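The model shown is predicted, which means the values in this text are computed figures rather than measured ones. Order of appearance sets the numbers: ligands from 1, and atoms from 1 within every ligand.
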Amino acid sequence: MTSLEKIVRLTNQCKYDQIGDEGTVFEDIDLSKIDALGQGTKHDICTSSSTTRVVNENNVLGDVNRSGICHSFTANGRCVSMFKTLFTNYCTHDCKYCQNSTTYKGTKNIYSYTPEELAKITISLYKGNYIEGLFLSSGVSSDEDLTTEKMIETLRILRDRYKFAGYIHFKILPGVSYEYIKQASEIADRLSVNIETPSNNYLSELSSTKNYVSDLLRRQNYIKKLESKKGLPAGQTTQLVVGACGESDLDIFKRVLKEYKEMMLKRVYYSVFNPVTMTALEEMLGQPTWREHRLYQIDWLYRVYKFSENEVKIAFDENGFLNNKDPKLNIALNSLDKPIDPNDASYEELLRVPGIGPKSAYRIVNYRKKNNIHKREQLLNLGVGVKKATPFLKINGGEYTKIDRWIECKNQ
Ligand code: SF4
C-alpha cells in the first residue's frame, strides 16, 4: 500500500471526510485512482530542498521521493505540505522518461478525476490535517485547453464553494492558451511550466511532440507578464530533469541563469533522471542523486548568496560538470589566495568562506563592532562551521591558518 493510499484510508476511517452536508467522499472513489494519479507525478519532484539521502525501505518517515504529499515554501517562507496529484494520467505527448507518455510500453489504467471529485478529496485531506495545499499537475489530452479548463474548475470549486484559502501550485501544461493561464493566475498561488531540459536541441531528444520555444518558453513569458501586471503570490517556478539527454551541469546552469534573469522565476527545481520501467529510457543509467544536490547548492550560491555568474562557474570542470564536493569549497579553494581576517573582512568576503553563511556573516559583522575575534570558540558561538572555515581564516594572527591545512582541505 502506498503512503498516499494509507493516508486516504486513514482519512476515511477517521470520518474526517464530511464535506458540509454532502456526506462522505471516498465511498464511491476507487482508491487505485488516487494512487495512480499520485504516482503519476513521480517525475515531477519539485521539492524545495534536496538531499543525497536515499531511502529504500517502505514504512519509514522522511522519504522525499514518494508521491502523494510533498512540501513547498510559501511566499513568506512557511513550509506547507501539499496533496500532489495529476488530474489525469492520459497524455498525448511522448516524453521518453515518463510513464504517462504515449511511448510507455507497459499496460496501465487511465484515470481522470472530475473537478468535483478532486476538490472533495483535497478538502477532505485538508480537514484531516494531512495537507495545507494542492499541487495540481496533469497529463495532456489532445486538447490542452480542455484539460486545463477542468483543472481550473477544480480550483474554482475549492476557492468558491469550499472557501479554501490554502496554497495552490498549478502546473501550466505545454501549449495551453493565454486565456487559461490568465484564469489560473487569478486563482493559484504559484504557476509553473516544466522546461525539463536546457534547450530545444536537448528537448527534441526526449520528446517529438513538445516545442521548447512555443510550448514552454512562450507560456513562461505569458506568466511573467501576468505576474508583473497583477502579481502572483508565490511567483513562477520550473523544473529540469537532470541527465536524461547528456547535457552538462553547466548547460543546465546557463539555462537557469536565463530563467532567473529573463523569466524572473522564483525558483528552479532539479529532478535527477532515474529510468522508469517500461519507458523508452528504461535501459539508460540513472544519474547519482548527488548531482541534483550539487545543482541545488550552485543555485543557492547564485540566488541567495549572490555569488556572481563567473564565480559560480569556477565550480564546474572543463567539461562543464560538477563533482561531488561542496561547490562553495571548490570555489573558495580556487579563488581565495590568502586567509580572511574575520575582524576586518567585508560581509561579502566572509560569505565566501566555507562554513560561513549569511546569518553567521551578519553576526560576525555585528559582533566585531565591540569585540576582537581571536578564538575559534567565538566563531563557533556565532554559528560558524569552524571545521570548514578555519583553514581559510586568519585568527589571532594566523595561529590556525596553516598552508598544510589548506592542502589537506583541498584533497578532501
Ligand atoms: S507532457 Fe510529457 S512529462 Fe508531462 S505527463 Fe505528458 S508525457 Fe509525461
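Looking at K210 against ligand 1, only its side chain comes within 4.0 Å, counting heavy atoms.
The existence of a salt bridge linking E116 and R161 is confirmed by a sub-4.0 Å separation between a basic side-chain nitrogen and an acidic carboxylate oxygen. A salt bridge links D299 with R303: the distance from a Lys NZ or Arg NE/NH1/NH2 to an Asp or Glu carboxylate oxygen falls below 4.0 Å.
Heavy-atom proximity to Y97, at under 4.0 Å, picks out these atoms of ligand 1: 3 (S). For ligand 1, the atoms closer than 4.0 angstrom to any heavy atom of N100 are 5 (S). The S101 neighbourhood of ligand 1 comprises atoms 7 (S), with distances under 4.0 Å to a heavy atom of that residue. Atoms of ligand 1 found under 4.0 Å from any heavy atom of C91, numbered from 1 in the order shown, are 1 (S), 5 (S), 6 (Fe), 7 (S).
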Listed pairs under 3.5 Å, donor-acceptor, residues 347-359 side chains, sequence neighbours left out:
unit_1	atom_1	unit_2	atom_2	d
E349	OE1	S346	N	2.8
E349	OE1	S346	OG	3.4
R352	NE	E311	OE2	2.6
R352	NH1	E348	O	3.0
R352	NH2	E311	OE1	2.9

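Taking 2.8 Å as the threshold, H93 does not count as a candidate ligand of atom 8 (Fe) of ligand 1, since none of its N, O or S atoms lies below it.
Side-chain atoms of S124 never come within 3.5 Å of backbone atoms of K120 as a donor-acceptor pair (strictly under, hydrogens ignored).
Screening T88, L173, T209, L146 against V140 for a side chain to side chain contact (heavy atoms under 4.5 Å, CB included) leaves a single residue, L173.
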